Participant: 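For reference, the structure I am asking about is given below.
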Amino acid sequence: MIHESAYVEDAKIGEGTNIWHFAHVRKGAKIGKNCNIGKDVYIDTNVEMGDNCKIQNFATVYQGVKLGNNVFVGPHVCFTNDMYPRALIWNEEKLEKTLVKDGASIGANSTIVAGITIGKYAMVGAGSVVTKDVPDHGLVFGNPARLKGFVCECGSKLTKKAEKKNLVLLYCSRCKKEVSVDETIYREIEA
Ligand SMILES: CC(C)(COP(=O)(O)OP(=O)(O)OC[C@H]1O[C@@H](n2cnc3c(N)ncnc32)[C@H](O)[C@@H]1OP(=O)(O)O)[C@@H](O)C(=O)NCCC(=O)NCCS
Ligand SMILES: [Zn+2]
């Protein structure tokens, strides 16, 4: 379903994807199956996203961004792609790539500074400015966003269960899943 007010250029749109009021999808974008592209969303040239992604109202996803499957992008989230922007200087060589891996969520009104990777099932709190890579399952927030904990695939916070060699074993009390993270990464939340 593409709402009549949306403007979709020569882009690839997967089956079952809905594109809502006034959204603009640029040429060369690839959107997977069963995605939801909210009102006033902007999807730039050559942006790629997998299946089942939810892009909430007013989010702007710029060239150089790639989203995996099942990614949640909250309302008014702003991606960036040029670290040192100038009105009069732009070329594709300046473009910094950003990757958001499967299952990650980005809270409302966050800014994603260019050139980073947000790990699988990571969660970015509302209003964050993310300047560095976020590990898989990492919970980050603030400006600049710092690692504050870890979350399960289901979104609940993980608690520490045990330490094994260089790994910390984490546990979800809601769905009983276990996730292990590298000890050096885990220590960042204790710092
Ligand atoms: C970050 C988040 C997941 C909560 O994480 P949490 O670890 O459970 O955080 P808590 O609620 O226990 O709060 C811990 C501290 O962090 C602060 N905090 C919580 N969320 C924050 C955020 N997004 N930015 C800055 N500080 C935040 C709290 O005020 C609290 O501070 P204090 O210790 O000084 O009192 C949640 O607040 C959030 O931002 N969710 C995203 C909501 C959203 O954008 N949804 C999409 C659209 S519906
Ligand atoms: Zn869980």
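Counting starts at 1 for both ligands and their atoms, in listed order. Values below: all heavy atoms of this structure, side chains included; hydrogens, waters and symmetry mates excluded. Computed from a predicted structure; not experimentally measured.
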Participant: Between N57 and D40, is there a side-chain donor-acceptor contact under 3.5 Å, judged purely by atom types and distance?
Facilitator: no
Participant: Where is the tightest heavy-atom contact between G74 and A59, given as atom of each residue plus distance?
Facilitator: O-CB, 3.8 Å
Participant: So M123 and F141, do their side chains get closer than 4.5 Å, heavy atoms only?
Facilitator: no
Participant: Salt bridge check: are K160 and E178 linked by an N-O gap of less than 4.0 Å?
Facilitator: no
Participant: Are the charged groups of K33 and E15 less than 4.0 angstrom apart, N to O?
Facilitator: no
Participant: Tell me, which protein residue and heavy-atom name are nearest atom 47 (C) of ligand 1, and how many Å apart are they?
Facilitator: P75 CD, 3.7 Å
Participant: Under 4.0 Å from any heavy atom of G107, which atoms of ligand 1 are there?
Facilitator: 43 (C), 44 (O)
Participant: How does L139 reach ligand 1, if at all, at less than 4.0 Å between non-hydrogen atoms: by side chain, backbone, both, or neither?
Facilitator: side chain
Participant: Under 4.0 Å and counting heavy atoms only, is there anything from the protein next to atom 13 (O) of ligand 1?
Facilitator: no
Participant: Among all protein heavy atoms in this structure, tell me which lies nearest to atom 48 (S) of ligand 1, with the distance rounded to 0.1 Å.
Facilitator: F72 CZ, 4.8 Å
Participant: With the side chain counted from C-beta on, respond yes when K132 and R146 share a heavy-atom pair under 4.5 Å apart, and no when they do not.
Facilitator: yes
Participant: Spell out the protein N/O/S atoms under 2.8 Å from the Zn ion (ligand 2) as residue plus atom name.
Facilitator: C152 SG, C154 SG, C172 SG, C175 SG
Participant: List for me each residue that meets side-chain hydrogen bond (donor to acceptor under 3.5 Å, both in side chains) alongside N34, sequence neighbours excluded, and say none if there are none.
Facilitator: none
Participant: Is it true that the side chains of H24 and E9 contain a donor and an acceptor less than 3.5 Å apart?
Facilitator: yes
Participant: What protein heavy atom is closest to atom 6 (P) of ligand 1, reported as residue, atom name and distance in Å?
Facilitator: K157 NZ, 3.4 Å
Participant: Taking the six-membered ring where the residue is Trp, are the ring centres of F58 and Y42 under 6.0 Å apart?
Facilitator: no
Participant: Nearest heavy atom to atom 40 (N) of ligand 1 wins, so pick from A108, S110, A126.
Facilitator: A126
Participant: Would a search of protein heavy atoms around atom 34 (O) of ligand 1 find one under 4.0 Å away?
Facilitator: no
Participant: Quick one: does M49's side chain get under 4.5 Å of I55's, heavy atoms only?
Facilitator: yes
Participant: I'd like to know if the side chain of D82 pairs up with that of Y84 as donor and acceptor (distance under 3.5 Å, no hydrogens or angles considered).
Facilitator: no
Participant: Is atom 27 (C) of ligand 1 in close reach of the protein, with a heavy atom under 4.0 Å away?
Facilitator: yes
Participant: With a 4.5 Å limit on heavy-atom distance, are the side chains of K97 and L99 in contact?
Facilitator: no
Participant: So does D44 pair up with R26, basic N to acidic O under 4.0 Å?
Facilitator: yes
Participant: For atom 36 (C) of ligand 1, what is the closest protein heavy atom, and at what distance to 0.1 Å?
Facilitator: G125 CA, 4.9 Å
Participant: Is atom 16 (O) of ligand 1 in close reach of the protein, with a heavy atom under 4.0 Å away?
Facilitator: yes
Participant: Which residue holds the protein heavy atom closest to atom 4 (C) of ligand 1, what is that atom called, and what is the gap in Å?
Facilitator: F141 CE2, 4.7 Å
Participant: Counting C-beta onward and ignoring hydrogens, is there a side-chain heavy-atom pair between I106 and F79 closer than 4.5 Å?
Facilitator: yes
Participant: With a 4.0 Å cut-off, strictly under, does atom 31 (O) of ligand 1 pick up any protein heavy atom?
Facilitator: no
Participant: What do you think, any protein heavy atom under 4.0 angstrom from atom 44 (O) of ligand 1?
Facilitator: yes
Participant: Does ligand 1 come near enough to S128 that some N or O of the ligand is less than 3.5 Å from an N or O of the residue?
Facilitator: no
Participant: Protein non-hydrogen atoms only, distance under 4.0 Å: does atom 24 (N) of ligand 1 have such a neighbour?
Facilitator: yes
